[in-house]
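As a basis for the values below, the full set of heavy atoms in this structure was taken, side chains included, without hydrogen atoms, waters or symmetry mates. Residue numbering restarts at 1 for every chain, and letters A, B, ... go by the order of the sequence lines.
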2 protein chains.
Amino acid sequence: MARSADPTLAERRRRQILDAAMACFGRRGFHRTSMQEICGEAALSAGALYRYFPSKSDIIAAIAGEDRRDSEPLFAAIANGDSMIEGVCALAAHMVAKCTAKAPLFAEVIAETLRDRELSERFATHEAETRARLVAAIAAAWRRAPAPDMTPERAARLVMLMLDGLALRVMREGVHGAVDAGPLLEDFREALLRLFATAAPGPRKRALAGVES
Amino acid sequence: MARSADPTLAERRRRQILDAAMACFGRRGFHRTSMQEICGEAALSAGALYRYFPSKSDIIAAIAGEDRRDSEPLFAAIANGDSMIEGVCALAAHMVAKCTAKAPLFAEVIAETLRDRELSERFATHEAETRARLVAAIAAAWRRAPAPDMTPERAARLVMLMLDGLALRVMREGVHGAVDAGPLLEDFREALLRLFATAAPGPRKRALAGVES
DNA sequence: ACCTGAACACCGTTCAAGT
DNA sequence: ACCTGAACACCGTTCAAGT
């Protein structure tokens with residue numbers, strides 16, 4: 001199994017192809033852009049392209065895996081910040097910004113992730129990791145501040161449920177026009193505040209009596 | 001513009017084609033099933049099929065529009081039932097059941113809805129109608145029972161955000177295997193209970209003191 | 001080692017021709 | 001009026017041939 005003579009060439013070619021593909025997918029969608037178009041945009045022949053990506057699907061997979069790294073600080077902020085809720089809001093804002101910036105491309109990725117078996121499995125793995133990071137971050141946050149009557153596991157599941165909803169909504173509004181993120185994030189924060197309110201007046205929790213009024 | 005000689009034939013042919021397409025899409029996905037396959041399944045030639053559906057996209061659009069009718073009673077139940085929360089849970093359960101029963105098909109519909117401009121617009125119209133019905137139903141429910149400190153509009157947006165998240169999750173788990181709806185719906189109900197808790201111990205609401213313990 | 005581009009086996013859609 | 005199916009203009013992918 002011969003390794004590449006110039007290992008940086010392979011990496012540069014992959015970048016070149018990925019950039020070309022992202023430009024094309026963003027313009028025309030995954031299924032409407034042909035390999036020929038990507039070849040044209042990347043100034044490479046079909047044969048050369050297939051040397052670096054064995055199929056069109058693999059290109060989308062590579063794009064989907066691209067920006068996993070830059071979310072790490074967001075999780076650290078949830079774990080160590082003053083407010084778990086604000087930390088999660090920042091995570092949501094980050095995601096919404098990414099989605100609005102390149103909604104058509106992300107819509108393609110989501111759609112393809114729902115369609116392709118292999119992509120779907122890769123995505124499930126990634127999602128499980130993300131959930132684990134979120135559980136750890138929420139648990140850490142709640143060790144440092146008053147926590148509601150809920151497990152970090154359920155909290156993480158609820159947060160991810162809402163993040164999924166948010167993503168889908170931003171996609172749908174963003175694929176064919178501008179999206180106003182403000183109200184969406186405001187709704188999201190309001191939901192978090194109610195979901196994770198501490199000291200709820202439940203029957204078997206210590207209750208804070210409403211003193212004033 | 002000649003009308004059909006036998007108006008029931010057109011309807012029967014559309015059903016025949018739609019049923020064939022749903023079977024094929026469920027088996028192999030939207031983009032992987034060819035028009036030839038649908039023709040084979042429907043026992044019709046390509047030309048005949050194109051007489052009833054001008055494109056492959058129109059077939060998916062027709063499938064997406066198919067089961068809008070049967071959700072009407074669910075909204076009525078929210079408006080008139082004892083508990084708005086239980087009504088919304090029933091709506092969620094209905095949606096989850098539909099999605100789990102034919103996850104691959106619904107995943108195709110969602111994916112295509114994100115990809116295709118015309119489909120996306122039809123979907124947006126449908127969604128706006130749904131939201132209006134939900135707002136009306138929640139407002140009606142809250143006129144008959146204690147309501148939380150929230151507008152029906154925001155409540156409807158939050159419910160739809162969570163329903164979207166739920167749908168996406170069920171799709172992702174269901175496209176390639178069985179999905180256990182129980183825990184998902186339990187999370188969903190728990191979220192609703194917290195989101196729409198009445199008499200929250202906020203500073204300017206009458207507060208229920210925790211008497212026992 | 002890396003690349004080219006013609007060729008292959010398809011695809012969605014159309015349309016002249018049948019009944 | 002309704003249908004057929006060959007034909008058209010593509011598509012993703014491969015592979016012999018070049019450098």
Trainee: Pick the closest DNA chain D nucleotide for A:Glu37 and for A:Ala48 by heavy atoms, then say which residue is nearer the 5' end.
Mentor: A:Glu37
Trainee: Looking at A:Arg28 and A:Glu108, is any side-chain nitrogen of the basic one under 4.0 Å from a carboxylate oxygen of the acidic one?
Mentor: no
Trainee: What is the nucleic acid contact for A:Tyr52, judged by heavy atoms within less than 4.0 Å: base, sugar-phosphate only, or nothing?
Mentor: sugar-phosphate
Trainee: Hey, does the side chain of A:Tyr50 come within less than 4.0 Å of D:dT14's phosphate (OP1/OP2), counting only N and O?
Mentor: no
Trainee: Between C:dC2 atom P and A:Arg14 atom CZ, what is the distance in whole Å?
Mentor: 14 Å
Trainee: Would you please test B:Arg169 and B:Glu173 for salt bridge (Lys or Arg N to Asp or Glu O under 4.0 Å) and show each step?
Mentor: CA-CA 6 Å; B:Arg169 165 142 297 281; B:Glu173 291 188 11; 2.8 Å; yes
Trainee: Separation of A:Phe53 atom CZ from D:dG12 atom C1', in whole Å?
Mentor: 16 Å
Trainee: Using a strict 4.0 Å threshold on nitrogen-to-oxygen distance, state whether A:Arg131 and A:Glu153 make a salt bridge.
Mentor: no
Trainee: Give the nucleotide from the list C:dG12, D:dG12, C:dC2 with an atom nearest to the side chain of A:Arg51.
Mentor: C:dC2
Trainee: Within 45° of the six-membered ring axis of B:Tyr52 and under 6.0 Å from that ring's centre, is NZ or CZ of B:Arg14 located there?
Mentor: no
Trainee: Nearest to the side chain of A:Ser34 - C:dG5, C:dT13, D:dC11?
Mentor: D:dC11
Trainee: Checking base pairs now: Watson-Crick or wobble, both atom distances under 3.5 Å. What partners C:dT13?
Mentor: D:dA7
Trainee: Could you check B:Thr33 against A:Leu49 and say which one's nearest nucleotide on DNA chain C is further toward the 5' end?
Mentor: A:Leu49
Trainee: Across all strands, who's sitting opposite D:dT19 as a Watson-Crick or G-U wobble pair, both distances under 3.5 Å?
Mentor: C:dA1
Trainee: Salt bridge or not for B:Glu190 and B:Arg194, using N-O below 4.0 Å?
Mentor: yes
Trainee: Once you round it to whole Å, what is the distance between C1' of C:dC2 and CG of A:Leu9?
Mentor: 8 Å
Trainee: Rounding to an integer number of Å, can you tell me how far A:His31 NE2 sits from D:dT13 C1'?
Mentor: 15 Å
Trainee: Can you tell me which nucleotide in D:dG12, C:dG5, C:dT13 comes closest to the side chain of A:Lys56?
Mentor: D:dG12
Trainee: CG of B:Asp58 versus C1' of C:dT13: gap in Å, rounded?
Mentor: 13 Å
Trainee: Could you state the CD1-C1' distance from A:Ile38 to D:dC11, rounded to the nearest angstrom?
Mentor: 12 Å
Trainee: Among C:dT13, D:dG5, D:dT13, which is the nearest nucleotide to the side chain of B:Met35?
Mentor: C:dT13
Trainee: Select base, sugar-phosphate, or nothing to describe what A:Arg32 touches, counting heavy atoms under 4.0 Å on all strands.
Mentor: nothing
Trainee: Output the single nucleotide from C:dT13, D:dT4, D:dT13 whose closest atom is nearest the side chain of B:Leu44.
Mentor: D:dT4
